[in-house]
Amino acid sequence: MSTAHDAIRSQAEARLAKNTQVKTAIIERLGLRVEPSAVSDNQPLFGRGLEMDSLDTLEIVVLINNAYSVLISDDDVAAFGSVNALIDFVEAREERP
């Protein structure tokens, strides 16, 4: 049972690290004045969340493509719901070794 527990813990730590990495990259790329720790993983990226606009969306599409080789199309608007939604989208489409 310890091995399964360790695997789950490892997956959770990897996910947390990826969320922090993406939040940091978004904040830096968009020049936002906020600490990554102040952004909830479920906080909306648009509207009352990070208050991104359509130009910011393009920046995030480029960022995700460069960092993870994952393309986001116009039909994938749900990917921008939150940091968690964005990471879920990326992980579902990442090339597996």
Side-chain angles (χ1 to χ4, degrees):
M1 176 159 351
S2 178
T3 304
H5 189 292
D6 291 342
I8 292 169
R9 180 181 303 245
S10 178
Q11 287 175 336
E13 289 171 353
R15 174 63 181 241
L16 181 60
K18 188 178 278 187
N19 282 20
T20 300
Q21 179 184 23
V22 168
K23 285 190 279 191
T24 301
I26 289 171
I27 289 166
E28 288 175 359
R29 183 107 182 195
L30 301 180
L32 303 175
R33 293 182 179 181
V34 63
E35 292 295 318
S37 60
V39 178
S40 165
D41 292 339
N42 292 315
Q43 182 175 340
L45 298 179
F46 292 94
R48 292 182 177 239
L50 290 179
E51 300 183 9
M52 291 176 28
D53 61 25
S54 58
L55 293 176
D56 296 332
T57 303
L58 181 58
E59 291 289 329
I60 303 308
V61 167
V62 171
L63 179 137
I64 294 298
N65 187 21
N66 290 343
Y68 300 102
S69 299
V70 171
L71 297 175
I72 303 174
S73 75
D74 291 342
D75 297 330
D76 300 320
V77 295
F80 293 100
S82 66
V83 171
N84 271 330
L86 189 57
I87 299 301
D88 288 343
F89 181 87
V90 167
E91 288 184 344
R93 286 156 181 81
E94 272 183 314
E95 293 183 18
R96 305 283 181 217

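If you read the sequence from its start, that first residue is 1, and numbering goes on from there.
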S.K.: Find out whether I60 and L86 are in side-chain contact, i.e. whether some heavy atom of one side chain is under 4.5 Å from a heavy atom of the other.
M.R.: yes

S.K.: If you compare all heavy atoms of A85 against all heavy atoms of A78, which two are closest, and at what distance to 0.1 Å?
M.R.: CB-O, 3.7 Å

S.K.: How close do S40 and V83 get, counting heavy atoms only, and between which atoms?
M.R.: O-CG2, 4.4 Å

S.K.: Restricting to salt bridge (charged side-chain N to carboxylate O under 4.0 Å, His left out), what partner residues turn up for E28, sequence neighbours left out?
M.R.: none

S.K.: Quick one, D56 and F80 - any side-chain contact, counting heavy atoms below 4.5 Å?
M.R.: no

S.K.: With no hydrogens and no angle check, is any side-chain donor or acceptor of T20 less than 3.5 Å from a backbone partner on L16?
M.R.: yes

S.K.: In sequence, state the C-alpha distance, the side-chain angles, and the governing distance for D41 and N84, and then conclude on side chain to side chain donor-acceptor pair (under 3.5 Å).
M.R.: CA-CA 5 Å; D41 292 339; N84 271 330; 4.8 Å; no

S.K.: Using the rule that Ile, Leu, Val, Met, Phe, Trp and Tyr join whenever any side-chain heavy atoms are under 4.5 Å apart, tell me whether L30 and V34 fall into a single cluster.
M.R.: yes

S.K.: Whether the side chain of K23 engages the backbone of V39 through a donor-acceptor N/O pair (distance < 3.5 Å, no angle test) should be reported.
M.R.: yes

S.K.: Would you mind reporting whether Q11 and R15 have side-chain heavy atoms less than 4.5 Å apart?
M.R.: no

S.K.: Between atom CG of L71 and atom CZ of R93, what is the distance when rounded to the nearest 0.5 Å?
M.R.: 10.5 Å

S.K.: Could you tell me if the side chain of T57 sits less than 4.5 Å from the side chain of F46, heavy atoms only?
M.R.: yes

S.K.: For D76 and S73: C-alpha separation, side-chain torsions, deciding distance, then whether side chain to side chain donor-acceptor pair (under 3.5 Å) applies.
M.R.: CA-CA 5 Å; D76 300 320; S73 75; 3.0 Å; yes

S.K.: Does the side chain of N65 reach to within under 4.5 Å of the side chain of I72, using non-hydrogen atoms?
M.R.: no

S.K.: Atom OH in Y68, atom CG in L63: separation rounded to 0.5 Å?
M.R.: 8.0 Å

S.K.: More than 12 non-hydrogen atoms from neighbouring residues, nucleotides or ligands closer than 6.0 Å to CG on D74, yes or no?
M.R.: no

